[in-house]
Amino acid sequence: MARACRRKDSTFETSQVKSVFLYGKPNQVKLHLLSRMQQRFCELANEDIRTICETDGLFLQLVKNDKKNSVVRKLEKQFRPAGLNSAFCQAAFDYAFTRLSNRLNAIRKDMYAEDQTIFTQSKVLFAMSLMRQSKEEMSAVMKDLANKKRKAGFYKDCADTLDRMDEDEFRFLMQELVDSYAVHTAEYRIPHISRTEVPLDSRLMRIEESVDIKAPYVISVTDPFNRNQRFTIPLNTSRHFLHKIKSNKMAGSVSVCIKSGKLRVGWAYTRSMKQPKTSVVRGVDTGITDVFHTSDGNAIGSMKPVLDFYHSTVEPSFAGLTDLRNKKRSISHYLRHHKDLPEDVRRSLIQKMDRLDYMMQTMNAPYQKKRRYYGMLDQEIHKSVTGYMDGLKRDTLTVIERLDMKEFKKSRKVNGMFSCFARGKTQEALMRALNWKGYDFVEVAPEFTSQVCPVCGNLDRANRDGKRFKCTCCGHEDDADHVGSINIRERAVNKDLMDICEKHRYGNGLQNALKDYYMGQNETFKKQHPQGMVS
């Protein structure tokens, strides 16, 4: 089964890219042309993906996403279809190349998580290994990079490691890497583009302020099927986006797509900011009863009413839809396995299936309730994030858990109780708001933060019972979310914990290493406070 790419750690970004959106209502002729252009772009991208996959010797360019490499550009020109705008064809090729590059890097990161060697850590060595190049060639490239790059130490270490390696060991590692690559490649499908936004640069479009019409802007697009033809479409947008366009330097390219008979244009701009210096560290636990609970004791918002609405209203509503779907499936199964039914019985069952199908198509209530749930969720997230940001000082470093919703290995019931989806959306919204407003933040490993006593270091699942925390060793009592936020903060200020988390960042031994650390802390506490133990 194909595996989703793991989420990268979020950190403060000094360069933030935001987009404004403009909308146009083209006539039927222009709408047909834009739809045809979007469809042809997807076809070209899929053809380019097949071409790149069938071409040997591109591993290094793909890993580095080096689209401007002369070999890559030569390949693109060689397979460029006749009769189409060259810039349009190049945009489709670059899009396909980037998708394949992301896939290859995801495979490399998974391999590095399992086997941390220089061949999976270095993009260059990873590509050279798959291209079956020799140890001497790899060492020469690493030495050359050590003389050119800023991080010369890493490349020099790689070269020294290769020089110390004998041929038998090198051949064994190469065979092991190739076998591992074959296994991981099977888990990631070759990308297939069915629908996407079409990127247009200055060669294919021009956005200008309008003259003598109500719409504020006009986009002029080159017809990719006829190089000498351009067509224009007026664009409208909100006053908020107009202000952003006027006050920022906009990108030289846009992305366009057709949605519900309208043209949607995404236009990006970049905002630069300095990473603030911090002197105060605050842990934040993202939860359900309290949306945010901080290490200094503040509880902000509550997701419980929203999730109660989902479980009491949305889920039962969709259960009725599922019942209808199961009835139709059982009738269809019965018809397939009983070929000798009388004609009138067969016709009656088919009519019943049609009625069930009509009922499913006209059931709007479940989807209306689901949309209401999403609206309530967004409203609570916005209110809670705003509540946290109010009064936040510039020198405060916010510490949050590194939550990857794709990696939660829990039952459906537990997932519903924890609501991974709601927590994930909340945390993403908080990180976006912090970064956009210029407040620093950091993510830390989430293991055991709600089960460790912050006083004695006792790690025990029985310490926590819902919102109540009571240590089974020293008897310390507190709100469980407050304890979690204290332990989250500790992961960013305790050097020993930071070293453990960094050492096992990509490996599988983090939980055992943390258990050993907390066991040592607890033993030290018991020796110092023998009278403070719970009997």
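This structure is a prediction, so every number in the text was calculated from the model and none was measured.
- Of all the heavy atoms in Glu401 and Arg423, the pair that sits closest is OE1-NH2, 3.5 Å.
- At least one donor-acceptor pair under 3.5 Å links the side chain of Thr237 to the backbone N or O of Phe21.
- Heavy atoms only, all atoms of each residue included: Arg282 and Tyr388 are closest at CD-OH, 3.4 Å.
- Atom NZ of Lys467 is surrounded by more than 12 heavy atoms from other residues, nucleotides or ligands within 6.0 Å.
- Here CZ of Arg108 is found 13.0 Å from CG of Leu62. Values are rounded to the nearest 0.5 Å.
- At least one test fails for Arg40 against the ring of Phe225: distance under 6.0 Å to the centre or angle within 45° of the axis.
- Taken to the nearest 0.5 Å, the NZ atom of Lys262 stands 13.5 Å off from the CD1 atom of Ile233.
- Here the CZ atom belonging to Phe231 is positioned 8.5 Å from the OG atom belonging to Ser220, to the nearest 0.5 angstrom.
- Within 6.0 Å of NZ on Lys437 lie no more than 12 heavy atoms contributed by other residues, nucleotides or ligands.
- Using a distance-only test at 3.5 Å, with no hydrogens or angles considered, no donor-acceptor pair links the side chain of Thr14 to the main chain of Lys274.
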### Message
Between Ser332 and Arg336, does the side-chain hydrogen bond (donor to acceptor under 3.5 Å, both in side chains) criterion hold? Intermediate values first, please.
### Response
CA-CA 6 Å; Ser332 176; Arg336 283 199 308 273; 3.0 Å; yes
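- Taken from CE in Met250 to OG in Ser19, the straight-line distance is 7.5 Å, to the nearest 0.5 Å.
- Closest heavy-atom contact between Val63 and Ser101: O-OG, 4.2 Å.
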### Task
Dump the intermediate steps for side chain to side chain contact (heavy atoms under 4.5 Å, CB included) on Ile300 and Lys383, then the final yes or no.
CA-CA 9 Å; Ile300 302 165; Lys383 187 172 74 173; over 6 Å; no
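- A pairwise comparison of heavy atoms in Ser312 and Asp308 identifies OG-O, 2.6 Å as the closest pair.
- What you find for Pro216 and Asn236 is that their closest heavy atoms are CD-OD1, 3.3 Å.
- Side-chain contact between Asn298 and Phe292 is absent, with no heavy-atom pair separated by less than 4.5 Å.
- Side-chain contact between Arg491 and Val399: absent, with no pair of heavy atoms (C-beta onward) separated by less than 4.5 Å.
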### Task
Apply side chain to side chain contact (heavy atoms under 4.5 Å, CB included) to the pair Ile350 and Leu335, showing each step before the final yes or no.
CA-CA 9 Å; Ile350 291 173; Leu335 286 171; 4.1 Å; yes
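- With respect to Asp94 and Arg73, a salt bridge is recorded, a charged nitrogen being found less than 4.0 Å from a carboxylate O.
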### Task
Please report the C-alpha distance between Met431 and Thr398 in whole Å, then the side-chain angles of each, then the deciding distance to 0.1 Å, and finally whether the side chain to side chain contact (heavy atoms under 4.5 Å, CB included) criterion is met.
CA-CA 9 Å; Met431 289 189 289; Thr398 300; over 6 Å; no
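- A 6.0 Å sphere centred on CD of Gln275 holds more than 12 heavy atoms belonging to other residues, nucleotides or ligands.
- Contact annotation: the side chain of Leu510 approaches that of Cys501 to within less than 4.5 Å [non-hydrogen atoms, C-beta and beyond].
- The environment of CZ in Arg394 is crowded: more than 12 heavy-atom neighbours from other residues, nucleotides or ligands sit within 6.0 Å.
- With a 6.0 Å radius and a threshold of 12 heavy atoms from other residues, nucleotides or ligands, Lys64 has its NZ atom at or below the threshold.
- The OG atom of Ser180 sits 4.0 Å away from atom CE of Met111, with the distance rounded to the nearest 0.5 Å.
- A salt bridge is absent between Lys425 and Glu428; no separation between the charged side-chain nitrogens and carboxylate oxygens falls under 4.0 Å.
- Under the 4.5 Å side-chain criterion, counting only non-hydrogen atoms from C-beta, Lys74 is not in contact with Val71.
- Here CG of Asn46 is found 4.5 Å from NE2 of His192. Values are rounded to the nearest 0.5 Å.
- Using a 4.5 Å cut-off on side-chain heavy atoms (C-beta onward), Val306 and Tyr310 make no contact.
- Salt bridge status for Glu209 with Lys246: present, with a side-chain N to carboxylate O gap under 4.0 Å.
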Under 3.5 Å, which donor-acceptor pairs link side chains of residues 23-33 to any protein atom two or more places apart or in another chain?
| residue | atom | partner | partner atom | Å |
| --- | --- | --- | --- | --- |
| Asn27 | OD1 | Val29 | N | 3.2 |
| Asn27 | OD1 | Lys30 | N | 2.9 |
| Lys30 | NZ | Thr232 | O | 2.6 |

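- Residues Ile245 and Leu22 form a side-chain contact, since some pair of their non-hydrogen atoms from C-beta on lies under 4.5 Å apart.
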Please tabulate, one pair per line, all N/O donor-acceptor pairs under 3.5 Å involving side-chain atoms of residues 193-207, not counting sequence neighbours.
| residue | atom | partner | partner atom | Å |
| --- | --- | --- | --- | --- |
| Arg195 | NH2 | Ile258 | O | 2.4 |
| Thr196 | OG1 | Tyr95 | OH | 3.0 |
| Glu197 | OE1 | Ser255 | OG | 3.1 |
| Glu197 | OE2 | Arg264 | NH1 | 2.9 |
| Asp201 | OD1 | Arg203 | N | 3.0 |
| Asp201 | OD2 | Arg203 | NE | 3.1 |
| Asp201 | OD2 | Arg203 | NH2 | 2.8 |
| Arg203 | NH2 | Gln90 | OE1 | 3.2 |
| Arg206 | NE | Glu208 | OE2 | 2.9 |

### Task
Begin with the C-alpha distance, continue with both residues' side-chain angles, and end with the deciding distance and a verdict on side-chain hydrogen bond (donor to acceptor under 3.5 Å, both in side chains) for Tyr181 and Ser129.
CA-CA 10 Å; Tyr181 175 75; Ser129 301; over 6 Å; no
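- Here the side chains of Val218 and Ser210 are in contact, with some heavy-atom distance below 4.5 Å.
- Taking the side chain as every heavy atom from C-beta outward, Gln61 and Phe97 approach each other to under 4.5 Å.
- Between the Ser317 side chain and the Thr313 main chain, no donor and acceptor come within less than 3.5 Å of each other.
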### Message
I'd like to know whether Phe441 forms a side chain to side chain contact (heavy atoms under 4.5 Å, CB included) with Leu430, so could you lay out the CA-CA distance, the side-chain angles of the two residues, the decisive distance to 0.1 Å, and finally the verdict.
### Response
CA-CA 10 Å; Phe441 67 93; Leu430 176 62; over 6 Å; no
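- The shortest heavy-atom contact between Phe59 and Met131 is CD1-CG, 3.8 Å.
- At a cut-off of 3.5 Å, with distance as the only test, a side-chain donor of Arg329 or Asn326 sits close to an acceptor on the other residue.
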